[in-house]
Amino acid sequence: MPVKRLRVILAVLVNICLVRGHPEFPELSAQPRHVHISTGESTDTITVTWSTVNYTAESIVLIGKGTLDSRFEGSSKLFVDGGSLKNSQWIHTVTLRNLQSGQDYMYSVGSSLGWSSLFRMRVPKSGTDWSPTIALFGDMGNENAVSLPYLQTGAENQLYDMIIHVGDFAYDMYEDNATRGDLFMEQIEPIASTIPYMTCPGNHEHHYNFSNYKARFTMPQDNGRMFYTFTVGPVRFFSVSTEYYYYYLEDGMVTDQYIWLQDQLQKANSKEAREKHPWLVIFGHRPMYCSNTDHDDCTKFETRTRVGFAPFFNMGLEPLMSKYGVDLALWAHEHSYERLLPLYDRKIMPGPDPESPYTEPRAPVHITSGSAGCREKHDNFVPDPPAWSAFRSADYGFTVMQVANRTHLHLQQLSAEKDLQVIDEFWLIKHEHSAYQHQARMFLVTIIDPFYMHSSTMLLFTLKLSLLMLACVCLYTLLKANFRLLAHRGNLYSKVFHV
């Protein structure tokens with residue numbers, strides 16, 4: 001054995017002994033964990049992400065159908081949590097290219113310091129003439145994750161081609177110096193290592209400027225912006241961050257996202273693009289409409305994500321969805337399930353036959369699916385739903401979307417409390433995918449609406465409005481008195497000068 005190689009081996013052995021013999025030195029942990037995959041920039045690419053506590057010089061995926069005969073390399077970056085302990089870990093990403101459509105692969109991730117167990121993944125089919133089945137939900141935590149075992153079983157049995165998690169993870173990933181986030185990533189690994197696990201941020205990810213979310217999940221062409229687009233079969237999805245309307249407004253990302261979405265929707269709604277991907281589906285965390293009682297933004301008459309910011313109400317997303325013909329909008333945040341009738345500007349816009357409102361609808365259809373299960377449990381509904389609310393349930397569960405073809409899309413809500421009983425389902429049927437014919441308008445603040453008078457919200461608003469009016473009257477009276485005093489003094493001085 002060469003002397004140089006012997007010296008290296010001896011040095012490594014000495015370092016290992018020193019580390020183990022001195023408790024002040026941390027133990028080496030280079031074993032891969034939290035393995036999950038997402039779709040890449042094209043249909044034949046998959047991005048694999050995992051974590052190690054310590055640095056490894058290599059980020060490798062070994063993959064193959066029978067034997068692991070292909071090797072892909074990537075990179076890693078250090079993530080330091082914002083908590084008091086400043087816990088750190090290395091996030092590894094590797095992009096797998098030129099994979100065969102619809103094929104099963106076995107793979108392992110790691111480095112020369114340690115390898116993961118053997119995982120199995122199925123690459124989504126390429127092209128647009130196939131029928132993907134997608135499980136979607138939001139608000140699943142580390143505790144009370146009622147839907148998790150069913151999702152794990154479904155992924156293992158290849159019932160789903162993809163998962164879409166519509167915000168709010170772990171409750172919360174930053175807690176306990178991000179160890180809760182680590183536990184949650186372990187919980188979803190049996191799902192997310194098998195099929196693409198697509199995401200968007202929710203309000204529970206906002207801590208430390210969404211750093212846990214940005215570090216742990218790798219989405220196609222996201223680059224830390226938290227908005228992106230991708231295609232699956234005949235569907236083009238748009239993932240948006242509704243949280244830009246509520247957090248860190250000073251960084252201008254809400255404007256960047258709006259401009260990006262407008263540009264992407266315009267391209268997707270072109271004749272050529274819609275021939276390839278006729279279905280346009282948008283998903284984000286906070287819904288534009290809901291009939292819950294928790295006083296969140298969607299329970300107010302005008303929501304930021306829908307109409308934009310007062311007083312000019314610019315950068316609202318609903319006009320964009322109408323202008324470019326978005327077919328379906330998927331939300332979470334409310335810990336419940338709610339299906340709406342086709343809706344624009346709070347007006348029901350069914351198809352030509354009112355008895356079949358989801359056949360050729362004249363506006364997007366909104367679904368809220370935020371009942372996967374978390375420690376905050378359920379959100380209640382108002383007793384008398386508005387006319388646009390077609391079905392509501394507080395059961396824990398998740399939604400399954402099957403894209404039958406270019407004209408038919410099937411959605412079901414499965415109850416985890418009733419052993420995956422289908423508690424709601426409907427067909428969305430559209431033979432022509434195009435922009436809706438809605439008249440653009442200037443959004444105005446509406447003071448009174450019968451639906452919102454059931455709770456204390458209206459009383460509180462009226463009280464605030466009364467105080468504001470009282471302050472205006474007082475200010476007017478004070479200014480008026482001062483003007484009269486100045487006028488009186490001016491008149492007095494003029495009289496003295498005249499004398």
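FYI, the numbering just counts along the sequence from 1. Basis for what follows: all heavy atoms, side chains included, without hydrogens, waters or symmetry-related copies.
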Classify the side-chain pair [X]/[Y] by whether it contains a donor and acceptor separated by less than 3.5 Å.
X: Y228; Y: N223; result: no
X: Q103; Y: R122; result: no
X: E318; Y: Y289; result: yes
X: W331; Y: H366; result: yes
X: S59; Y: S75; result: no
X: H333; Y: D168; result: no
X: T399; Y: S369; result: yes
X: N177; Y: T179; result: no
X: D297; Y: Y246; result: yes
X: Q412; Y: D424; result: no
X: R97; Y: T45; result: no
X: N292; Y: S336; result: yes

I'd like to know if the side chain of [X] and the backbone of [Y] have a donor-acceptor N/O pair within less than 3.5 Å.
X: Q257; Y: V254; value: no
X: S29; Y: N54; value: no
X: H285; Y: G138; value: no
X: E189; Y: H34; value: yes
X: H378; Y: A394; value: yes

- Item | Minimum side-chain heavy-atom gap I188-H36 below 4.5 Å |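 Answer no - side chains too far apart.
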- Query: Under 4.5 Å between any side-chain heavy atoms of N144 and Y171, yes or no?
  - Reply: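 Not in contact.
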- Message: Does R339 qualify as a cation-pi partner of F426, given the criterion of NZ or CZ under 6.0 Å from the six-membered ring centre and within 45 degrees of its axis?
- Response: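 The answer is yes, since R339 meets both limits relative to F426.
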Aromatic ring centroids of [X] and [Y] under 6.0 Å?
X: W279; Y: H433; answer: yes
X: W50; Y: H92; answer: yes
X: H204; Y: F169; answer: no
X: Y213; Y: H206; answer: no

- So, are D104 and R120 salt-bridged, with charged N and O less than 4.0 Å apart?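 No, no charged N to carboxylate O under 4.0 Å.
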- Message: Check this for me, if you would: do R216 and D182 make a salt bridge, where the nitrogen-to-carboxylate-oxygen distance has to be below 4.0 angstrom?
- Response: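 Answer for the salt bridge query: yes.
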- Could you check whether the rings of Y208 and Y174 sit parallel, tilted or perpendicular, using 30° and 60° as the cut-offs?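 Plane angle over 60°, so perpendicular.
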- Query: In terms of ring plane angle, is the pair F137 and H165 parallel, tilted or perpendicular, where the classes change at 30° and 60°?
  - Reply: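 F137 vs H165 ring planes: tilted.
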Determine all donor-acceptor pairs shorter than 3.5 Å in which one atom belongs to a side chain in residues 260-269; sequence neighbours excluded.
unit_1 : atom_1 : unit_2 : atom_2 : d
D263   : OD2    : K267   : NZ     : 3.3
N269   : OD1    : R274   : NH1    : 2.7

